[in-house]
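What follows is a set of notes on a single structure, which appears directly below.
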Amino acid sequence: MSSFNVAKFGGTSVANFEAMSRCAAIIEQNPNTKLIVSSACSGVTNLLVELANGVQDSAQRAEILTKLAAIHQAVLDKLEVADETAAEIVKILDTVTNLAEAASIQASTKLTDHLVACGELMSTHLLTQLMKERGLNAVRFDIRDVLKTDDNFGKAEPQLETIRQLAEQKLVPLCQNHVVVTQGFIGSDPEGNTTTLGRGGSDYSAALIAEAVQASGLEIWTDVPGIYTTDPRIAAKASPIPEISFSEASEMANFGAKILHPSTLIPALRHDIPVFVGSSKEPEKGGTWIRHQVESSPLFRALALRCNQTMVTLRSANMFHAYGFLAKVFEILAKHKVSVDLITTSEISVSLTLDQTDTSGGAPELPQAAKEELEQLCTVDVEQNLCLVALIGNNMSESKGYAKQVFSTLEDFNLRMICYGASPHNLCFLLHESVSRQAIQKLHTELFES
Ligand code: ADP
Ligand code: ASP
Ligand code: MG
């Protein structure tokens with residue numbers, strides 16, 4: 001294991017000159033911090049995604065491009081020596097303009113990835129120059145030379161062994177004498193085309209890089225001082241968790257807690273790299289340590305919310321005491337590449353939710369062809385506008401006496417589906433989206449505030 005520390009800064013942490021300066025101050029505090037993984041400046045990826053979705057009106061397109069230029073120009077204006085960096089930003093903005101105008105942008109996931117990657121390519125130019133001006137021996141590195149993926153544009157899969165070898169050849173030597181600043185979220189396929197790891201993927205990039213260089217620690221700097229008992233934007237009394245296990249934090253990320261990309265902890269867990277989550281705005285407030293061994297494992301740890309759920313209910317009287325029905329259902333789903341997330345079954349029906357397989361953020365769709373084929377077998381109902389509320393904790397399947405408290409708190413809510421038992425770490429409810437935040441607030445008050 002190297003003594004390198006990898007630090008990742010999210011969009012709000014690199015939103016402007018002042019925010020980037022706070023990042024530099026954090027980096028200066030720890031001489032072992034050798035690798036910096038940066039997101040795009042706050043708001044930039046959203047603007048790029050808007051362009052990638054195809055903006056037909058040229059005035060509207062120009063307005064977005066002006067906004068993008070202004071965000072980066074505001075940082076350039078505060079740098080002492082901005083000419084070279086400004087020239088790089090202009091080049092990238094030209095690429096953005098050309099791609100946004102390309103007739104095929106909407107239809108091409110390859111061009112889309114090239115376009116949305118431009119945010120990180122720009123922010124890292126600015127952050128590197130700012131760090132140099134503070135006296136740090138910073139160097140910008142294009143992570144596409146190391147972070148190799150497949151060509152599943154929009155949600156590319158990293159190729160771990162190649163990444164490890166390239167990191168050893170190219171990144172580790174550079175870290176000996178420099179603080180290396182590189183991009184989160186992006187990579188490249190075997191042909192060198194730019195790919196992305198999915199929205200929020202910079203956390204995952206940082207963890208992959210930490211694994212590849214065998215880092216001693218991974219810091220995720222964001223806009224909140226650690227992982228809270230629930231999203232503090234939903235429950236004002238949510239409180240920070242000083243220490244949490246990998247499995248609890250992974251459950252939280254999987255069940256939608258935006259604080260970490262769901263895949264982030266997999267590389268860290270594989271190499272047992274401790275992860276710290278803190279606020280770049282208020283580093284003095286401390287944060288959360290995610291570790292293998294933790295001192296306490298409370299029954300209730302946190303609540304997470306994941307919206308845009310699609311529930312499919314399949315009903316057939318033929319299912320009654322018959323065998324093979326579920327096998328047929330899953331064969332059809334597999335054939336149409338539909339991935340299932342949660343499932344509950346009864347004698348004559350089965351309800352399941354669909355996995356989010358793309359990065360649009362919208363509710364997943366059951367493909368029409370899959371629906372038609374399922375309809376040969378049973379009735380098919382598809383429901384959307386649902387959210388999943390997950391209560392995350394420890395030893396839930398071995399503990400007694402808490403179900404009454406949980407269910408009486410939710411007695412006024414229409415629970416569309418309940419999942420429990422497969423994991424000792426969670427109890428999940430599917431509810432209509434209009435009441436899901438309220439359900440979290442009530443559960444938080446009842447289970448976490450007394
Ligand atoms: P970054 O741009 O730094 O990656 P994100 O916006 O992706 O930041 O993630 C941070 C946000 O995650 C917080 O502002 C908060 O609203 C949200 N969040 C969701 N669940 C939690 C939680 N359990 N604890 C803390 N923050 C959470
Ligand atoms: N900039 C990318 C996004 O907004 C990746 C990230 O910030 O994690 O999704
Ligand atoms: Mg994020």
Side-chain angles (χ1 to χ4, degrees), residues 7-15 19 22-23 26 37-50 52 68 71 112-113 115-124 143 147 154-156 182-187 195-209 219-242 244 248-264 277-282 285 287-288 290 300-307 359-361 389-392 437 440 443-444 448:
K8 176 258 172 175
F9 294 93
T12 45
S13 298
V14 293
R22 286 193 290 269
C23 300
I26 290 171
V37 178
S38 176
S39 289
C41 303
S42 183
V44 166
T45 311
N46 285 349
L47 292 170
L48 295 169
V49 168
E50 219 177 310
L68 284 169
I71 292 170
T112 292
D113 267 9
L115 177 51
V116 298
C118 289
E120 273 72 8
L121 292 174
M122 288 191 278
S123 66
T124 44
I143 202 63
L147 210 143
K155 206 171 186 180
T182 197
Q183 304 80 25
F185 181 50
I186 74 172
T195 55
T196 65
L197 304 181
R199 291 305 306 267
S202 292
D203 302 326
Y204 188 27
S205 299
L208 289 165
I209 294 166
E219 295 169 5
I220 306 276
W221 294 98
T222 179
D223 60 355
V224 280
I227 301 181
Y228 279 53
T229 46
T230 193
D231 189 338
R233 289 185 213 189
I234 300 178
K237 289 196 176 158
S239 52
I241 303 167
I244 189 170
E248 292 169 304
S250 298
E251 292 266 331
M252 288 181 76
N254 281 331
F255 283 112
K258 196 186 165 216
I259 184 90
L260 288 177
H261 181 278
S263 305
T264 310
V277 181
S279 160
S280 64
K281 215 169 184 178
E282 302 173 298
K285 283 201 170 167
T288 302
I290 309 172
F300 300 138
R301 178 60 99 181
L303 290 159
L305 178 66
R306 190 168 71 193
C307 283
T359 53
S360 66
V389 168
L391 172 59
I392 292 145
R437 289 170 74 91
I440 294 249
L443 283 169
H444 196 271
F448 292 87

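Quantities reported herein were computed from a predicted structural model and do not represent experimental measurements. Read the numbers this way: they start at 1 and go in the same order the structure lists the ligands and their atoms.
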Tell me whether G200 reaches ligand 2 (any heavy atom closer than 4.0 angstrom to a ligand atom).
yes
Does even one non-hydrogen atom of G201 get within less than 4.0 Å of ligand 2?
yes
State, yes or no, whether a side-chain contact exists between Q183 and S38 at a heavy-atom distance under 4.5 Å.
no
Is there side-chain contact between K258 and D231, with heavy atoms separated by less than 4.5 Å?
no
Taking 4.0 angstrom as the limit and counting only heavy atoms of [X], give me the atoms of ligand 1 inside it, by number and element.
| X | answer |
| --- | --- |
| G11 | 2 (O) |
| A257 | 20 (N) |
| G226 | 25 (C) |
| T230 | 22 (C), 23 (N) |
| M252 | 23 (N) |

Once you round to the nearest 0.5 Å, how far does CD1 of I143 lie from OG1 of T124?
10.0 Å
Check whether T288 reaches the backbone of V277 with its side chain - one donor and one acceptor, N or O, closer than 3.5 Å.
no
Look only at the side chain of E120 and the backbone of S39, and say whether a donor-acceptor pair between them is shorter than 3.5 Å.
no
I need the minimum non-hydrogen distance between L48 and C118, along with the two atoms involved.
CD1-C, 4.2 Å
Pairs of nitrogen or oxygen atoms closer than 3.5 Å, one from [X] and one from ligand 1: do any exist?
| X | result |
| --- | --- |
| R233 | yes |
| D203 | no |
| Y228 | yes |

Is K281 salt-bridged to D223, going by a charged N under 4.0 Å from an acidic O?
no
Among [options], which residue places a heavy atom closest to [atom]?
| atom | options | answer |
| --- | --- | --- |
| atom 3 (O) of ligand 1 | I227, T222, V277, V224 | T222 |
| atom 4 (O) of ligand 2 | R199, H261, K8 | R199 |
| atom 17 (C) of ligand 1 | D231, I392, T12 | D231 |

Show which atoms of ligand 2 fall inside a sub-4.0 Å distance from at least one heavy-atom site of S39.
6 (C), 7 (O), 8 (O)
Proximal atoms of ligand 2 relative to E120 (non-hydrogen, under 4.0 Å):
1 (N), 2 (C), 5 (C)
The single option from V49, V14, L68 passing side chain to side chain contact (heavy atoms under 4.5 Å, CB included) against V44
L68
Just to verify, which of T264, V37, I209 counts as forming a side chain to side chain contact (heavy atoms under 4.5 Å, CB included) with K8?
V37
Which residue owns the protein heavy atom closest to [atom], what's the atom, and how far is it?
| atom | answer |
| --- | --- |
| atom 4 (O) of ligand 1 | K8 NZ, 3.1 Å |
| atom 11 (C) of ligand 1 | D223 OD1, 3.9 Å |
| atom 12 (O) of ligand 1 | I259 N, 3.4 Å |
| atom 6 (O) of ligand 1 | K258 NZ, 2.9 Å |

Short version for I220: what comes under 4.0 Å of ligand 1, heavy atoms counted, is neither
Specify side chain, backbone, both or neither for A302, according to which of its non-hydrogen atoms lie closer than 4.0 Å to ligand 1.
neither
Distance-only donor-acceptor check, side chains T195 and D113, under 3.5 Å:
no
